[in-house]
Amino acid sequence: LYAVQCYDCHKWRTVPTQEEFETLRENFTKDKWCRSKRPGCSCKDPAEIEYDSSRIWVVDEPDISKAPPEIQRQVLMSDLSKMDTYYFMPTGERIDRADVVDKFLEANPWYKDSNMSASDFKCEAPVVVEETVSAWKAAKAKEQDNAGASRGQKL
């Protein structure tokens, strides 16, 4: 799920696709996102999603360039406190560090010739918001306790 916070009213709005999210993120500090930029929306409308413990929140840096064409940037949670960023290349290679990008471009000069450079890749992972992890874990534990208690009563 992708979301962006309105610069004016600070309410959260969902973003329907990764591509749209990446476009917003790429220009975030130069072009602050406001709900009024989306047709039919205003700051008077309720938030589409609440910042709460129903999910684990992660914060990506603003102004990360969109991945070059035919390359996909994926961010994966390796555990509840760490994210890993990978670029999947058209060749099938998975890249997770800038020095590997340089090696890839040297080995595949046709990408370098298309003006692709290592600066097009941002391998740093988003930050997991620890307070939401703790709250999410507590909510899940409570759900499991309640489910266990319900099963125990039925026996």
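- A 6.0 Å sphere centred on CD of Glu20 holds more than 12 heavy atoms belonging to other residues, nucleotides or ligands.
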Quick one: do Cys41 and Arg13 satisfy side chain to side chain contact (heavy atoms under 4.5 Å, CB included)? Show the steps, please. CA-CA 10 Å; Cys41 294; Arg13 182 101 169 140; 2.4 Å; yes

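- Note: Thr29 OG1 to Glu61 CD = 11.0 Å, rounded to the nearest 0.5 Å.
- Counting non-hydrogen atoms of neighbouring residues, nucleotides and ligands closer than 6.0 angstrom, the CZ atom of Phe88 exceeds 12 such neighbours.
- A pairwise comparison of heavy atoms in Glu26 and Lys30 identifies O-NZ, 4.0 Å as the closest pair.
- Ring to ring, Trp33 and Phe28 are not that close: their centroids are 6.0 angstrom or more apart.
- Side chains of Arg25 and Val4 form no contact here, defined as non-hydrogen atoms less than 4.5 Å apart.
- Counting heavy atoms from C-beta outward, Phe104 and Thr91 have side chains that approach closer than 4.5 Å.
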Checking Asp31 against Lys37 for the salt bridge (Lys or Arg N to Asp or Glu O under 4.0 Å) test, could you report, in this order, the C-alpha distance in whole Å, the side-chain angles of both residues, the deciding distance, and whether it holds? CA-CA 11 Å; Asp31 186 19; Lys37 289 185 179 185; 2.3 Å; yes

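- With a 4.5 Å cut-off on side-chain heavy atoms, Glu48 and Trp12 do not count as touching.
- Closest approach of Cys6 and Cys9 over heavy atoms only: SG-N, 3.5 Å.
- Side-chain contact between Thr85 and Glu124 is absent, with no heavy-atom pair separated by less than 4.5 Å.
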Between Lys82 and Val128, is the side chain to side chain contact (heavy atoms under 4.5 Å, CB included) condition met? List the steps. CA-CA 6 Å; Lys82 186 175 182 310; Val128 177; 5.8 Å; no

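- Scanning both residues, Gly40 and Asp45, for their nearest heavy atoms gives O-OD2, 3.8 Å.
- No continuous path of hydrophobic side-chain contacts links Tyr86 to Val75 [ILVMFWY only; heavy atoms under 4.5 Å].
- Between Thr14 and Leu1 the shortest heavy-atom distance is CG2-CD1, 4.0 Å.
- For the atom pair CZ of Arg94 and OH of Tyr87, the computed distance is 14.5 Å after rounding to the nearest 0.5 Å.
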Walk me through it: do Glu22 and Arg73 pass the test salt bridge (Lys or Arg N to Asp or Glu O under 4.0 Å)? CA-CA 10 Å; Glu22 288 178 353; Arg73 180 180 187 258; 5.3 Å; no

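- Considering CZ of Arg97 and SG of Cys123, their distance stands at 9.0 Å, rounded to 0.5 Å.
- In this structure, Lys11 and Arg35 have side chains that are in contact, with non-hydrogen atoms separated by less than 4.5 Å.
- No hydrogens or angles considered: a donor-acceptor pair under 3.5 Å links the side chains of Ser134 and Glu130.
- Residues Val58 and Val129 do not share a hydrophobic cluster, clusters being chains of Ile/Leu/Val/Met/Phe/Trp/Tyr side chains in contact below 4.5 Å.
- Two residues are said to be in side-chain contact when any heavy atoms from C-beta on lie closer than 4.5 Å; Leu24 and Val15 meet this criterion.
- If you take CE on Met89 and CD on Glu70, they are separated by 10.0 Å, rounding to the nearest 0.5 Å.
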Apply side chain to side chain contact (heavy atoms under 4.5 Å, CB included) to the pair Val133 and Trp57, showing each step before the final yes or no. CA-CA 8 Å; Val133 173; Trp57 287 74; over 6 Å; no

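- A distance of 12.5 Å separates CD1 in Ile64 from CG in Asn27, rounded to the nearest 0.5 Å.
- At a cut-off of 3.5 Å, with distance as the only test, a side-chain donor of Lys66 or Thr23 sits close to an acceptor on the other residue.
- Looking at heavy atoms from C-beta onward, Phe21 lies out of side-chain contact with Glu19 at the 4.5 angstrom threshold.
- In terms of heavy-atom proximity, Ile71 sits nearest to Ala67 at O-CB, 3.2 Å.
- Side-chain contact between Pro126 and Val59 is absent, with no heavy atoms from C-beta onward closer than 4.5 Å.
- Closest approach of Pro109 to Glu106, counting heavy atoms only: CD-O, 3.9 Å.
- The CE atom of Met77 lies 10.5 Å from the CG atom of Asp84; values are rounded to the nearest 0.5 Å.
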